[in-house]
Amino acid sequence: MFVGIAAILPGNLGQIVAADPEPLSVKLIIDYNDGVEKHFTAIPWKKGMTVMDAMRYAKRGKHGIDFKFSGNGDTAFLTQIDDLKNEGGGEGKKNWILRVNKKLATESFGVFELNSGDVIRWQFEVFKL
């Protein structure tokens, strides 16, 4: 049995003490699709942040990632993460596929804006609709 006890101290009537707010952040997961994943669990978020910004942050870490891409902004196209390069088109070819909050990205990672709490996932896989 649980019994709650409340105390009212003089001078504190009507005050509500809020807990410290959670820091604003996003999470980045790199899934090599071979049983290995890298997780960046607390990338600081700021208004206007893109997936590319989050990846650049992860790149600077002690155990960061390296990545390559072509184009810029809305034409930025990821070509490689660490030692895994996109294999191109064709049956059975694996490429880096981007999902944010488990939804397939419909725009370039160079312009895809994030919200605090978003989970970015790059997975090296055969693309399937």
Side-chain angles (χ1 to χ4, degrees):
M1 178 174 171
F2 177 78
V3 178
I5 300 174
I8 299 176
L9 303 174
N12 286 340
L13 284 175
Q15 281 187 337
I16 298 175
V17 178
D20 289 335
E22 289 290 320
L24 302 176
S25 64
V26 296
K27 181 177 182 178
L28 171 64
I29 301 168
I30 307 297
D31 184 346
Y32 300 91
N33 207 8
D34 62 359
V36 175
E37 293 182 350
K38 283 186 182 177
H39 289 244
F40 300 86
T41 59
I43 296 173
W45 174 86
K46 63 181 179 183
K47 187 173 172 64
M49 179 181 211
T50 64
V51 172
M52 185 181 291
D53 295 331
M55 292 182 69
R56 285 182 172 148
Y57 183 89
K59 184 176 185 170
R60 295 190 310 255
K62 183 177 180 182
H63 302 287
I65 57 169
D66 190 26
F67 66 95
K68 295 179 182 176
F69 62 96
S70 61
N72 285 303
D74 62 354
T75 64
F77 180 76
L78 185 80
T79 58
Q80 180 175 341
I81 298 178
D82 292 333
D83 62 347
L84 282 179
K85 294 181 183 179
N86 285 341
E87 296 176 349
E91 189 174 329
K93 299 291 186 178
K94 292 182 179 179
N95 295 283
W96 287 106
I97 308 297
L98 172 63
R99 291 179 178 81
V100 177
N101 301 326
K102 298 183 180 182
K103 293 181 183 172
L104 188 64
T106 57
E107 59 188 331
S108 165
F109 81 112
V111 295
F112 191 112
E113 286 196 24
L114 299 168
N115 295 304
S116 180
D118 281 350
V119 178
I120 307 155
R121 183 182 193 92
W122 283 103
Q123 186 162 358
F124 195 67
E125 64 182 340
V126 175
F127 178 73
K128 297 174 192 164
L129 284 177

Would you mind telling me which of Leu84, Ile97, Leu78 makes a side-chain contact (heavy atoms from CB on, under 4.5 Å) with Trp122?
Leu78

Here's a test for you: under side-chain contact (heavy atoms from CB on, under 4.5 Å), which of Leu28, Thr41, Ile29 qualifies with Val119?
Ile29

Between [X] and [Y], what is the shortest heavy-atom contact and its length?
X      : Y      : result
Ser108 : Ala76  : OG-O, 2.8 Å
Glu107 : Phe112 : CG-CD1, 3.6 Å
Ser25  : Ser116 : N-OG, 3.3 Å
Ala54  : Val26  : CB-CG2, 4.3 Å
Lys38  : Phe40  : CB-CE1, 4.0 Å

Donor-acceptor pair, [X] side chain versus [Y] backbone, under 3.5 Å?
X      : Y      : value
Lys94  : Glu87  : no
Glu91  : Lys93  : no
Asn101 : Lys103 : no

I'd like to know if Lys27 pairs up with Asp118 as an ion pair, taking the criterion as any Lys NZ or Arg NE/NH1/NH2 lying under 4.0 Å from an Asp or Glu carboxylate oxygen.
no

Do Asp53 and Lys46 sit within salt-bridge range, that is, some charged N less than 4.0 Å from a carboxylate O?
no

Going hydrophobic residue to hydrophobic residue with side-chain gaps under 4.5 angstrom, can you get from Val36 over to Ile120?
yes

Would you indicate whether the side-chain heavy atoms of [Y] and [X] approach each other to under 4.5 Å?
X      : Y     : result
Asn86  : Phe77 : yes
Tyr32  : Asp82 : yes
Leu114 : Trp45 : yes

Salt bridge (charged side-chain N to carboxylate O under 4.0 Å, His left out) partners of Glu125, counting only residues at least two apart:
Arg99

With sequence neighbours left out, write down each residue that passes salt bridge (charged side-chain N to carboxylate O under 4.0 Å, His left out) with Asp31, or none if nothing qualifies.
Arg121

Just how far is it from atom [atom1] of [X] to atom [atom2] of [Y], taken to the nearest 0.5 Å?
X     : Y      : atom1 : atom2 : result
Thr50 : Asp74  : OG1   : CG    : 12.0 Å
Arg56 : Ile65  : CZ    : CD1   : 11.5 Å
Leu24 : Ile43  : CG    : CD1   : 14.0 Å
Met55 : Ile81  : CE    : CD1   : 4.0 Å
Lys47 : Asn115 : NZ    : CG    : 9.0 Å
Gln80 : Phe67  : CD    : CZ    : 11.5 Å

Taking ring pair (Phe, Tyr, Trp, His ring centres under 6.0 Å) as the definition, give me every residue that meets it alongside Phe124, ordered by chain and number, with sequence neighbours left out.
Trp96

NZ of Lys68: more than 12 outside heavy atoms within 6.0 angstrom?
no

